[in-house]
Amino acid sequence: MKFGLLTYEENKNTYNVGDYIQSLAAAQYLPRVDAYVNREKLADYRGEKMKMILNGWFTHNTKNWIPSEDIEPLFISFHINNTASKNMLSPEGVAYLKKHEPIGCRDKFTVTLLQEKGIEAYFSGCLTLTLDSYKKDPQVKREGFYVVDPLYGYPTSDKIFSSYKKILRGIASGEIFALNKRKKHVSKLLLEELSAKAKFPTQVLPANTQTDEEKFLLAKELLDSYAKAELVISSRIHCALPCLAMDTPVIFVNGFDSFVDSCRFDGILDLFNRVDVESSTGTFTANFPWNGRLDTHTIPKNSGNHIKLANAMKEKCHEFING
């Protein structure tokens, strides 16, 4: 029996390191990695029977969705986005998922979506919640503040001016007139003292610059940085969820207001200390005690609500690999 691990196609200009963090979560359970298989090309695999943990966001190439019969899958931490659900849940897609049920879903939206099609499904949470193998000795002093892609869903110059078509779309939608909104809201949220001390890494990097091996190495380096941090603030779930696993204090900044985004978070948001941002006004509310702005003393304790989910996922993965 072989063991495979998911890799990912880059966008035209960028790729998301968070995808590789998801694959690192799956890699923990594999005795070895015999092959990388691109998420968008699962149907194309031919060869010796191979076990794969199929976790994460699915998928861009919906017409090539149903994985090869040579892949033995474990569906856990699985998300079908509403943009892909129609094609993925064709009669053939439903039959395939029913063959491999129960399906562990990353969010409650996907649970409902599958159950409505008669597929046995349950809320597993995200597999990155099991990345406690990256946790540091609690006796080691934590150092550093990280602000990772806060409010990244807001309009930016890079997004709008990347093509003539997007410029026209930005004008039509009004987004081109809101380019300063992200900077304005983030500066309002973070006190100057915290901004001066914090590092501001991004998990979205230029395309066509790194091999898959280099991307996995970078993902490990990011996890190592987050594991040692005093506080992490992010709007990236694949930054914030691993922080829960590693006992790193984390605050999730939720400024998403489109269903394409919000459907990914159903059930997940309840795990975080969270600041919710009303995008039109910049008004903040939080589900933990604070004074209205974030500073170097705003370090709430993680709730620990993820632990039961993480333990159940670990058991499922070990059973699948060793069974």
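Residue indices begin at 1 and follow the sequence shown.
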Atom pair [atom1]/[atom2] of [X] and [Y] - distance to nearest 0.5 Å:
X	Y	atom1	atom2	answer
I119	L97	CD1	CG	4.5 Å
T211	Y36	OG1	OH	8.5 Å
E230	I299	CD	CD1	5.5 Å
K308	M313	NZ	CE	13.0 Å
E213	Y20	CD	OH	9.5 Å
E40	T7	CD	OG1	9.5 Å

Looking at [X] and [Y], what are the two nearest heavy atoms and their distance?
X	Y	result
S195	L190	OG-CB, 3.5 Å
D295	N291	OD2-ND2, 4.1 Å
A25	T130	O-OG1, 4.5 Å
N287	F272	ND2-O, 3.0 Å
T298	R293	OG1-O, 3.8 Å
G93	W65	CA-NE1, 4.2 Å

Is the terminal nitrogen or CZ of [X] (NZ for Lys, CZ for Arg) located under 6.0 angstrom from the six-membered ring centre of [Y] and within 45° of that ring's axis?
X	Y	result
K314	Y29	no
R182	Y152	no
K215	Y15	yes

Under 4.5 Å between side-chain heavy atoms, counting indirect links through other Ile/Leu/Val/Met/Phe/Trp/Tyr residues: same cluster for [X] and [Y] or not?
X	Y	value
V253	L191	no
Y122	I268	yes
V33	M1	yes
L217	L24	no
I307	L309	no

Are any non-hydrogen side-chain atoms of [X] and [Y] less than 4.5 angstrom apart?
X	Y	value
N273	V250	no
L127	I53	yes
Y226	S234	no
S23	Y8	yes
D34	R32	yes
L271	L129	yes
Y146	P201	yes
M52	P73	no

Answer yes when D224 and K136 have at least one side-chain N-carboxylate O distance shorter than 4.0 Å, and no when they do not. yes
Lys/Arg N to Asp/Glu carboxylate O, D44 vs R46, below 4.0 Å: no
Side chain [X], main chain [Y], donor-acceptor under 3.5 Å:
X	Y	answer
N254	D276	no
T59	T62	no
Q203	N16	no
N11	A207	no
E319	K316	no
S68	Y45	yes
E10	N208	yes
S235	L151	yes
N302	G304	no
N81	R264	no

The test is side chain to side chain contact (heavy atoms under 4.5 Å, CB included); show your working for V204 and V17 and say whether it passes. CA-CA 6 Å; V204 175; V17 182; over 6 Å; no
D19/W57 under side chain to side chain contact (heavy atoms under 4.5 Å, CB included): CA gap, chis, key distance, verdict: CA-CA 9 Å; D19 289 333; W57 190 101; 5.7 Å; no
Would you say K49 has more than 12 foreign heavy atoms packed within less than 6.0 Å of its NZ? yes
Side chain to side chain donor-acceptor pair (under 3.5 Å) with T248: of K228, K135, R142, only one passes, and it is R142
If you apply the rule side chain to side chain contact (heavy atoms under 4.5 Å, CB included), what do you find for I233 with V148, and how did you get there? CA-CA 6 Å; I233 299 165; V148 185; over 6 Å; no
I would like to know whether T283 and V277 meet side chain to side chain contact (heavy atoms under 4.5 Å, CB included); could you show each step before the answer? CA-CA 6 Å; T283 303; V277 185; over 6 Å; no
Mind checking what makes salt bridge (Lys or Arg N to Asp or Glu O under 4.0 Å) contact with K51, not counting sequence neighbours? none
Compile the donor-acceptor pairs under 3.5 Å between side chains in residues 99-114 and protein atoms, sequence neighbours left out, one pair per line.
residue, atom, partner, partner atom, Å
K99, NZ, E69, OE1, 2.9
E101, OE1, E120, N, 3.0
R106, NH1, Q22, OE1, 3.1
R106, NH1, H238, NE2, 3.4
D107, OD1, H79, ND1, 2.7
D107, OD1, T110, OG1, 3.2
D107, OD2, F109, N, 3.3
D107, OD2, T110, N, 2.8
D107, OD2, T110, OG1, 2.9
T110, OG1, H79, ND1, 3.2
T110, OG1, I80, N, 3.3
T112, OG1, K108, O, 3.2

Mutual orientation of the aromatic rings belonging to F78 and F75 [parallel < 30°, tilted 30-60°, perpendicular > 60°]: perpendicular
Who are the ring pair (Phe, Tyr, Trp, His ring centres under 6.0 Å) partners of H297, not counting sequence neighbours? none
